[in-house]
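As structure tokens, the structure follows; a few thoughts come after it.
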Amino acid sequence: MAAAVAAGPGALGSLHAGGARLVAACSAWLCSGLRLPRSLAGRRVGPAIWAQGWVPAAGGPAPKRRYSSEMKTEDELRVRHLEEENRGIVVLGINRAYGKNSLSKNLIKMLSKAVDALKSDKKVRTIIIRSEVPGIFCAANLPVPTIAAIDGLALGGGLELALACDIRVAASSAKMGLVETKLAIIPGGGGTQRLPRAIGMSLAKELIFSARVLDGQEAKAVGLISHVLEQNQEGDAAYRKALDLAREFLPQGPVAMRVAKLAINQGMEVDLVTGLAIEEACYAQTIPTKDRLEGLLAFKEKRPPRYKGE
């Protein structure tokens, strides 16, 4: 599920070309519609600043983005809205086998269009990002909880996109790493920033400097992923775990989930005092909602709440 590809120079180049733009664009959409007070807005130092960080060095020309060559475009991205007991869960399936899930211009366009539609859909509660190509993976960031299910390779830009997700789960046989230094480049799709935040600066430097590839057990040991599973015969153990987690999220208040994500993401970028102020501002946004009143009433009546995201 994270954007995993073969470790060839062309594939990695394609991922960096498209991956940086996609992650920046998706991050800019993060929790759109949820606003912090003006007193806190100036302290925001998250994805928006990162997205503006691509500037020419010493007045030189802006870096060019290149995309992998396009062969065919149908069904590169499959968006599935699950039904019945899984209603509210959306699965984004990357299906670009001939390109080993590298990010073509068309795939990035399709991902951007899907993200733009899902971010404003109040019926969407959790999004799982997976690969429909056995052994390979691809991902994005959205205002609702996102889970990257890594059942195969997640190298270079693939791992960077997985790092943009809230939660990462992987099969023990999965392989993941930021291997760009082998090609005399650096992780350019957020890897140098998100990996240290996920596992700590010293270890992140070690992994990037060495271009080391970890399996699922090793990734779990360093805190890169939350869960590791033995791979099953179908090759979708991580996806099945991601689905279990998404089902756990379904009963919760959707507004609260979005605001909680905003509070966590923004709070991690500032000092504790500012973070607590952000939390207070986010908490205040849940008070006037109909969902909060429904939650209280459901608790009083000892029944499951019927949240509507309002």
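Everything quoted here is computed from the prediction, not taken from an experiment.
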So which pairs with a foot in residues 208-224 pass salt bridge (Lys or Arg N to Asp or Glu O under 4.0 Å), sequence neighbours left out?
E206-R212

Drop me the distance from I127's CD1 to C165's SG, to the nearest 0.5 angstrom.
9.5 Å

Counting distance only, does the side-chain N/O of T181 pair as donor-acceptor with the main-chain N or O of I186 below 3.5 Å?
no

If we check side chain to side chain contact (heavy atoms under 4.5 Å, CB included) with V144, which of these qualifies: R258, K122, R125?
R258

Is there a path of hydrophobic side-chain contacts, each under 4.5 Å between heavy atoms of I, L, V, M, F, W or Y residues, that connects I199 with I150?
yes

Heavy atoms only: give me the nearest A170-M176 pair and the separation to one decimal.
CB-CE, 3.7 Å

What distance do L297 atom CG and R306 atom CZ have between them, rounded to the nearest 0.5 Å?
8.0 Å

Taking the side chain from Q193 and the backbone from G189, do they hold a donor-acceptor pair closer than 3.5 Å?
no

Distance, nearest 0.5 Å, that separates CG of L92 from CE of M110:
10.5 Å

Atom of G191, atom of P196 and distance for their closest heavy-atom approach
O-CD, 3.7 Å

Testing the basics here: between L163 and A198, what is the closest heavy-atom pair and its distance to 0.1 Å?
CD2-CB, 4.2 Å

Got a second to check how far M257's CE is from L262's CG, nearest 0.5 Å?
13.5 Å

Which value, rounded to the nearest 0.5 Å, describes the distance between K205 atom NZ and S210 atom OG?
14.0 Å

Is it possible for you to say whether I208 and I225 belong to one hydrophobic cluster, with membership spreading through side-chain heavy-atom contacts below 4.5 Å?
yes

Do side-chain atoms of D151 reach the backbone of Y239 as a donor and acceptor pair under 3.5 angstrom?
yes

In terms of hydrophobic clustering (I, L, V, M, F, W, Y; side-chain heavy atoms under 4.5 Å; direct or indirect links), are L118 and Y307 co-clustered?
no

Under 3.5 Å, side chain of Q231 to main-chain N/O of S172, donor-acceptor pair present?
no

Between R197 and E269, is there a salt bridge with N-O shorter than 4.0 Å?
yes

Over all atoms of both residues, closest heavy-atom pair of I89 and L243
CD1-CD1, 4.0 Å

Answer with yes or no whether the hydrophobic clustering places L178 together with L203; edges join I, L, V, M, F, W, Y residues whose side-chain heavy atoms lie under 4.5 Å apart.
yes

Test item: S226 side-chain N/O and V169 main-chain N/O as donor-acceptor pair under 3.5 Å:
no

Side-chain donor or acceptor of R168 paired with backbone N/O of L224 under 3.5 Å
yes

Nearest 0.5 Å, what's the CD-CG distance between E160 and L195?
9.5 Å

Would the distance check show the side chain of T289 and the main-chain N or O of R292 forming a donor-acceptor pair, the cut-off being under 3.5 Å?
yes

Apply the test salt bridge (charged side-chain N to carboxylate O under 4.0 Å, His left out) to residues K308 and D291: give CA-CA distance (whole Å), side-chain angles for both, the deciding distance (0.1 Å), then the verdict.
CA-CA 7 Å; K308 297 181 179 179; D291 279 355; over 6 Å; no

Looking at residues at least two apart in the chain, or sitting in another chain, which of them share a salt bridge (Lys or Arg N to Asp or Glu O under 4.0 Å) with E301?
R303

Salt bridge or not for K113 and D116, using N-O below 4.0 Å?
no

